[in-house]
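What follows is a single structure, written as structure tokens, with notes after it.
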2 protein chains.
Amino acid sequence: MNKDSKPVSLKHLPHKTIERLSQYRRALLICFEKGQTHIYSHEIAKIQHITAVQVRRDLMLIGYSGTLRKGYNVKDLIELIGQIIDDDKGIKVAIVGMGNLGRALINYFAGKRSKLSIVAGFDTNPDKIGNVMSGVPCYSAEEMNEIIARENIQIGIMTVPADFAVDVANNLVNAGIKGILNYTPKPVNVPKDVYLEEYDMITSLEKVAFFVKMKNTD
Amino acid sequence: MNKDSKPVSLKHLPHKTIERLSQYRRALLICFEKGQTHIYSHEIAKIQHITAVQVRRDLMLIGYSGTLRKGYNVKDLIELIGQIIDDDKGIKVAIVGMGNLGRALINYFAGKRSKLSIVAGFDTNPDKIGNVMSGVPCYSAEEMNEIIARENIQIGIMTVPADFAVDVANNLVNAGIKGILNYTPKPVNVPKDVYLEEYDMITSLEKVAFFVKMKNTD
DNA sequence: TGATCAATGTTATTTTTTTAACAAAAAACT
DNA sequence: AGTTTTTTGTTAAAAAAATAACATTGATCA
């Protein structure tokens, strides 16, 4: 229906909307592969455990219009979300810490064709350095500066033990990284021109435990 | 100073406050181990990249009072947060999917003495079943019902491939689990008496990429 | 001792996020 | 043809979360 590019101010898209767009796209891709051509807001909503209004509102914010009574065109919407959240030139990603978590992340990504590609891993373990693990070459931590510059890697994912978190973050920043995703339980500081996202698995589990406890004491 | 138990209504603690309390405690434990006895709100805030006001507000909500000009008593605060978010009887946790991510989580938890203990892992790989991995016994998926009931496991962490997510969630619910932490990129549905927390690593990375792209196009 | 300072605790305000309300319009039905 | 239904798009309201404002108070210092 409406394929015109809208004067949407991406600057002001709410953080939560960005997250949901990523999730909508993932759900839409599955629908697309099944051959589904259209989808209703309430169908998307059901998958994500949110309301249809929220879906429509998010899509309004990115200037996408569906077809009345037919819903949204799956293919078009996938493409538009891509235009919004992907960088058309693609972005390269490095994983620092090729332990279980680092390798789990690589495998999660494997196969997901995307504008994001994990092109390097770093570790200090000599047994790992020089190997290709799950398709990603593992380099020594000392090579970080060089590789990140040479490959123009813009995002670093930290999956090292907590004790190394601060040093690794500093190294990444010095190497010129633009965004960090920190899976370490240790919060780190970065200059404000570097985007930092932190996620702490222990906190998530403790949160689940709290609400389970609350349910128990009802 | 103020050790009286307050008539705090835990029911109404904001979700975000719960998450921060977990993080405060982690930071406080490190301080405690270093021998630090008191801490200011702005010190906690700095560690967590938030404002001192927010810290004080959170502590107000749980009814904790510090000492003017001395800050908060580290030990007392650790204990109080424990009373709030921990279940005093302890809660047992199972991990479904003993791949890289599952084992990474076990290792993250190892050593963190806590009221939460991961007591069982489940997998379908015969090479893993029957082994003790990182201190956690791995059982066959078929034994899920039995083990969860026998051990009184209340929380399940899902670290299986996306295709198994829905089935695993149903099995966990049938086995009587009270809370699920889903690390699968596939959203699942549970009855509303089961607390569900979902986290999607791909979304997080795409979010970082979006903000990096935004910074680039400034 | 009085003034200043540095911290807490709480209320008020603002911002962000979600939800509700409802108009509009295409399709389906009678 | 006209009425009903169903779905979108948007504005309005509510709820949740973060921030600001500020009163208070004990320590410090001139």
Side-chain angles (χ1 to χ4, degrees), chain A residues 1-4 6-24 28 36-74 76-77 80 198 203 207 210-211, chain B residues 1-4 6-24 28 36-46 48-74 76-77 80 198 203 207 211:
Chain A
M1 165 131 289
N2 169 337
K3 289 195 181 180
D4 316 333
K6 290 288 161 33
V8 178
S9 71
L10 301 183
K11 285 283 173 209
H12 306 109
L13 282 181
H15 280 222
K16 296 282 188 178
T17 294
I18 301 296
E19 292 174 10
R20 283 191 298 263
L21 288 174
S22 162
Q23 286 161 354
Y24 297 163
L28 289 167
Q36 188 176 351
T37 61
H38 288 78
I39 191 165
Y40 298 125
S41 59
H42 63 83
E43 292 177 301
I44 300 177
K46 184 104 185 261
I47 299 172
Q48 305 297 146
H49 316 129
I50 56 177
T51 65
V53 184
Q54 184 136 68
V55 174
R56 294 204 298 275
R57 218 171 181 298
D58 286 334
L59 299 188
M60 184 188 83
L61 291 176
I62 63 171
Y64 186 72
S65 292
T67 307
L68 203 56
R69 250 183 126 105
K70 258 183 112 176
Y72 302 94
N73 181 299
V74 173
D76 288 354
L77 188 45
L80 179 59
E198 305 197 305
T203 288
K207 186 182 173 191
F210 173 79
F211 286 106
Chain B
M1 167 127 291
N2 170 338
K3 288 195 182 179
D4 316 333
K6 290 288 162 31
V8 178
S9 72
L10 301 184
K11 284 283 172 210
H12 307 111
L13 283 181
H15 282 221
K16 296 283 188 176
T17 294
I18 301 296
E19 292 175 11
R20 283 191 298 263
L21 288 174
S22 161
Q23 287 161 353
Y24 298 163
L28 289 167
Q36 189 176 347
T37 62
H38 288 78
I39 192 165
Y40 298 126
S41 60
H42 66 256
E43 291 177 301
I44 300 177
K46 182 107 185 257
Q48 305 297 145
H49 317 128
I50 56 178
T51 66
V53 184
Q54 184 133 71
V55 174
R56 294 203 299 274
R57 220 172 179 296
D58 286 334
L59 299 188
M60 184 189 82
L61 291 176
I62 63 171
Y64 185 72
S65 292
T67 308
L68 203 56
R69 255 187 123 103
K70 258 183 115 177
Y72 303 94
N73 181 299
V74 173
D76 288 354
L77 189 46
L80 179 59
E198 305 197 305
T203 288
K207 186 181 173 192
F211 286 107

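The sequence lines fix the lettering, A, B, ..., with proteins before strands; numbering per chain opens at 1.
From A:Q23, atom CD reaches atom CD of A:E19 across 7.0 Å, with rounding to the nearest 0.5 Å. Going from atom CG of A:L77 over to atom OH of A:Y24 covers 9.5 Å, rounded to the nearest 0.5 Å.
When the side-chain nitrogen and oxygen atoms of B:R56 are compared with OP1 and OP2 of C:dT8, one or more of them lie within a distance under 4.0 Å. Look at A:R20 and you'll find a side-chain N or O under 4.0 angstrom from OP1 or OP2 of C:dT18. Between B:S65 and C:dG9, a side-chain N or O to OP1/OP2 separation shorter than 4.0 Å is present. Contact between the side-chain N/O atoms of B:Y40 and the OP1/OP2 oxygens of C:dG9 is not found at any separation under 4.0 Å.
When each of A:R57 and A:K70 is assigned the nucleotide of DNA chain D bearing its nearest heavy atom, the one mapping closer to the 5' terminus is A:K70.
Side-chain contact between B:Q36 and B:E43 is present, with heavy atoms from C-beta onward closer than 4.5 Å.
For the side-chain contact (heavy atoms from CB on, under 4.5 Å) criterion with A:V53, the lone passing option out of A:T51, A:I50, A:V55 is A:T51.
Distance B:M60 CE to C:dA7 C1': 17 Å, rounded to the nearest Å. Rounded to an integer number of Å, the gap from B:L59 CG to C:dT10 C1' is 13 Å.
As judged by a 4.0 angstrom heavy-atom cut-off over every strand, A:T17 is placed among residues making no nucleic acid contact.
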